[in-house]
Structures are given as C-alpha cells and as structure tokens.
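One structure below.
Because the structure is a prediction, the values reported are computed rather than measured.
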Amino acid sequence: MWATASSIPEDPTSCRLHQRIISLVAGTRYPAPTCHSPNPAIISLPVPAAPPLLLGSPPAHLTADLSTPLPARARGAGVAAVDPMTGSSPAAADPPAVSRPRLTVLPLIALIFYDVSGGPFGIQDSVCSGGGALLPILGFLLLPALWSLPEALVTAELASAFPTNAGYVAWVSAAFGPAAAFLVGFSKWASGTLDNALYPVLFLDYLRSGGGLVLAPPLRSLAVLALTAALTYLNYRGLHLVGFSALALTAFSLSPFVALAVLAVPKIRPSRWLAINVGAVNLRGYFNSMFWNLNYWDKASTLAGEVEEPRKTFPKAVFGAVGLVVGAYLIPLLAGTGALPSETAAEWTDGFFSEVGQRIGGPWLRVWIQAAAAMSNMGLFEAEMSSDSFQLLGMAEMGMIPAIFARRSKHGTPTYSILCSATGVVILSFMSFQEIIEFLNFLYGLGMLAVFAAFVKLRAKNPDLPRPYRIPVGTAGAAVMCVPPVVLIVTVMCLASARTIAVNAAVVAAGVALYYGVEHAKRHAWVEFLAPVPPPPDSSHGSATASDAADVEDVRAGLLNDEPSNEASARSRSE
C-alpha cells in the first residue's frame, strides 16, 4: 500500500518536529525519506501492510485536496495524507494556504471560561439542594482545589505536550490505544452535545422570566431552531470571531454582578453564610449541580491546534480561567446569600439571581441580570460548539472517523463537524434541564476517569516525555493529585438514578458498535479516511539545534509506538 506526503520544509528543525508530531498523532511508524527543498513535491512512501489507519486505494486517490468536493475524490477511495497540526492536505501546499487567525491568551481564557462556567447563572440549584448557603459556599471554596485545579493542571500539561485538535482523544490514544480513545471521544462529544442542548432553551427561559417574552410551544420550537442556526453560523465564520465574541460576552455577563456585590455590602449578614437545613439537603442534586458547574476544563484542549504558540499560551489561559471561574461563582453567591434571609434558600432555583437583583438593587438590576444571563447562554453555546466540532476534526485527522469531518471551510472551521454537532443539539433540545445535567455528568465522568488514568500512565510510562508545562510533582504525586477528582466522579456516579445508568450504558454500547462499524468501513474502503504521514528528518543538516529538536520529538513519537525514548533518540542520531 502507498501513501503520499507533501513537500517538507528545508529547515531541519521544522522537518524533525513535523515528522515526530505527525507520527505521534498517527500512532504508527513510517519509513523516513529525505527532506525536500521548499519546491512543492509529492513523494510515495512504502507503508507496512498492517497499520490500522492505512487502508485503501492506490496513490492516485491519495493526492486529492481536502477542499475539493468529496465525490470528485473517488468517494470511498480510502486514505489521504493530512497534517494534523494544521488540518491541511498535501495538495494544499500549492498554492500556499492562507494562514488562519490564531487564538491568543485573552480569547482563549474567555472560551475556557464559557466551556466551564459562563457566570453564576447555574449555581442557584446548589443553594436549594444544599439546604442553605453553607454547603454551596464550602463547595465552591473546596471543590475548585480538589476537582477543578487537578483537571486544569492535567489539561495544561497534556495540551502543551500534545498541541493538536484531538486533545484528550490523543492523550488517551497515547496511553491506551485507539479503541479506548474512540470511546472517550464519543462519550465526550455526546456529553458536550447534551450540554449544548440546554443553552438555546435557557436563553428563551431568561427572556420569558419576569413577564418577558412568552412564546407558544410551536413558536418556541421554531425559536430554538432559529437560535441554534444563528449561533452555528457564527461558529462557521471562524474560531477567532468566536473567541473575541466570548471575550465581549464575558465582560457583559459578569458586569451586573459587580453592581450586585457593591449594592449588597450594606445588607450582608455573615451569619447567613452558615445556614443549613439538614432535612432539605438533596445530595444527588447538590453534587450534580456542583459537578456540572466546575467541569469541562479539558474541553478547550480540542482547540490547541488553533492556538498561537499553544505550548506557552495554553497554561497561561488555563490558570487565568481558574481564577475567573472561582471569582464568578463565589462573589455573587456570597453577596446574594449574605444579603437575603436564610429562609429564602428554597427559592434558589434556576433564574433566581434576577430576583436577587430585584430585591437588592431594583427592577433595573433585575433586567440587567436577565439580559446578561441570556447573552451568557449564547457564549456557552459558542464555546461548547467550537470544542465539540474541533474534537471531531481532530479525530478525523487521526483517522478515527471519516475524512469529511476534517474538511475545513474557507474560514478555517470544520464545516461538517459543526453541522453534526448542531444536529445533535436540535435533536436533544426537547429534554428537561435536570435530565440533561444528570445524563451528561455521568457521561463526562466516564471520559474523565480515562483522562486521569491516561495522565498517570503517561507519567509512569515515560516521565521524560517533553512537556513544555509540567506539573511540579513526580509520578506518585501525580497519582495522588488525581485521587480527589476521581472520588468525586465516583460519588456522582453512585448517586445517579437507574434511568441515568441505563441511558449511559446504552450510549457506551452505541459507542462500541460505532467503533467497530467505523473500523469495518475503513477496512472495506466504503468512505475516505485520513492517515497522517510524517515528514522525514534531513540528514544533510546536522546542526545541534536540529538534533535536539529531533530528540524531543522522538520521545513523543516513540511513546505512541511503545518504543523506549532512549532507543528513539539513538535512532534519530544515527539518521
């Protein structure tokens, strides 16, 4: 069998870096040709007969450009080469591709903020189910350290080591192989789509609250469809637009709570923060609310391939978002529960912050909070849609799902991945708020157990794997750090209803069936799949810088190939 690769940069460091990263994402070993000059060229590489991602037709079908319509590329023709770092195909090298705008620190902070939080609009249930202010305040003080920070640290370390759009799918693939990675990718995508189904509905709910816009059921369904279509179109227009929109929405969504906190100060009674009605505590509702409000830190890892200097930018953005999320929860919670009587705990349900604004500041603050809540749901939708669609793009670049999901629009966005995620949102939007939260928490928990296990295994399997950001603990410390979030995940799962367990078991079974179905389609070349092909090292440029870069990437490539890092480095030097 044969695969094609595009021209390779003449710079030796770029050659080696490119080769090793692509080998990493592919998870297979390829023979290395020699580097080319910058002139475009297509080379043929003999590939071992049995690598799982290289199945298909002769080279003539493998040189097509991803930007051409699929039927013109011999639908079902098998495997085409792709660069997983850029999403470009070999033919894209001529003419030169237009560079896409990249995410910088502040827009990425805003996207992570909306992946995780979006503001305090979802925390009201924690007061009601917690029987008062004490449990939610303790929860938002302790759980960020026990749950959010470990997840954020793992995300910062592994996203800097694996700067691809596959994100956590690549991490799990490196640790446990493609089958486990596919199931994690499927469960994470399903939980993200469930989560996103909430936001168009909540947007309309906030507009309706307080005697606002009320729509009959048929018109409401049409409004959900129209809103989903409009927000999906913004995603299609470009991730940089989504990032800057998220930045503006963050400022607008949090601004009324600054006013709320200032106005609440004279009315705060600290003793109200200690109130708890043990008989009113609903542990299932409480833990589900807390878990939902503090998870999804790893979601932004699927955007790593779209970030400017991801190895530097990603850790900064993750830690900036941690502080923003914790402040966005605690400040309004302390202001509202401290200023209102403890007897109002049972009233703290969805949308109650607008009533808090009414009682503390008056009608103007109520309207401001309602508008901020409605706009926050738009930001939440945009961030989740971006993460879900770029995850599908990353999985397609790894050859896990058909190549059509890696096709980018002229704006650099994955067209069919966006459409697939939007379709899932529309289908699931009929479900209730509590059903969605419980279902997605369980699904998300399953995926996170695999992510934490992958993190620990990668630390133990190859502690010398180059990590531009590295959590300052050893392997044992990394394992201990993962214990509290794992305990929380297991707690949430144990509190799940029988219906939730049954639904999630069905989703997992569907994921297993889909994996084998995709593998069957791949073997029979029914649809086209991408197979990353590594560029070669250049033996004619033997600089120390190139050799060092090769050593760094050899470790990463050898990790997926189950090859000891010292052997990989030795092989690189011999080349």
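- Remark: the backbone N or O of A479 is not paired with any side-chain donor or acceptor of R459 at under 3.5 angstrom.
- Not one N or O on the side chain of S387 forms a donor-acceptor pair closer than 3.5 Å with the backbone of E384.
- Taking the six-membered ring for Trp and the full ring otherwise, Y444 and W292 have centroids separated by 6.0 Å or more.
- Under the 4.5 Å side-chain criterion, counting only non-hydrogen atoms from C-beta, Y296 is in contact with S191.
- Around NZ of K316, the count of heavy atoms belonging to other residues, nucleotides or ligands within 6.0 Å does not exceed 12.
- Of the possible donor and acceptor atoms, one in the side chain of T313 sits under 3.5 Å from a partner among the backbone N and O of E308.
- The main-chain N or O of L443 is found under 3.5 Å from a side-chain atom of N504 such that the two form a donor-acceptor pair.
- Between the side chain of K188 and the main chain of K299, no donor-acceptor pair closer than 3.5 Å is present.
- I418 CD1 to Y236 OH: the interatomic distance, rounded to the nearest 0.5 Å, is 8.5 Å.
- The closest donor-acceptor contact from the side chain of S389 to the backbone of M385 lies under 3.5 Å.
- Judged purely by atom type and a 3.5 angstrom limit, S173 has no side-chain atom pairing as donor or acceptor with the backbone of V169.
- A donor-acceptor contact shorter than 3.5 Å is absent between the side chain of S342 and the backbone of A275.
- Checked by atom type and distance alone, the side chain of R366 never pairs as donor or acceptor with a backbone atom of G357 at under 3.5 Å.
- Annotation: side chain of C420 is in contact with side chain of L392 (closest heavy-atom distance under 4.5 Å).
- Counting heavy atoms from C-beta outward, M290 and F140 have side chains that approach closer than 4.5 Å.
- Remark: the backbone N or O of S409 is not paired with any side-chain donor or acceptor of T413 at under 3.5 angstrom.
- With no hydrogens or angles considered, a side-chain donor-acceptor pair links Y168 and Q391 at under 3.5 Å.
- Atom CZ of F244 is surrounded by 12 or fewer heavy atoms from other residues, nucleotides or ligands within 6.0 Å.
- A heavy-atom distance below 4.5 Å is found between the side chains of F452 and V154.
- Put simply, the side chain of L488 does not reach to within 4.5 Å of the side chain of L146, judged on heavy atoms.
- Residue Y416 places its OH atom among 12 or fewer non-hydrogen atoms of other residues, nucleotides or ligands, all under 6.0 Å distant.
- Counting non-hydrogen atoms of other residues, nucleotides and ligands closer than 6.0 Å to CD1 of I331 gives a total of 12 or fewer.
- For the residue pair D298 / T155, no side-chain donor-acceptor distance below 3.5 Å is found, with atom types taken as modelled.
- One distance of note links CD1 of I489 with CG of L449; it measures 4.5 Å at 0.5 Å rounding.
- Exactly one of D195, T500, N288 qualifies for a side-chain hydrogen bond (donor to acceptor under 3.5 Å, both in side chains) with N441. That residue is N288.
- When the options Y329, F353, F257, Y114 are evaluated for a ring pair (Phe, Tyr, Trp, His ring centres under 6.0 Å) with F121, the one that passes is F257.
- Using modelled atom types, one finds a donor on one side chain and an acceptor on the other under 3.5 Å when comparing S421 with W189.
- Note that the OG1 atom of T337 and the CD1 atom of I137 stand 4.0 Å from one another [nearest 0.5 Å].
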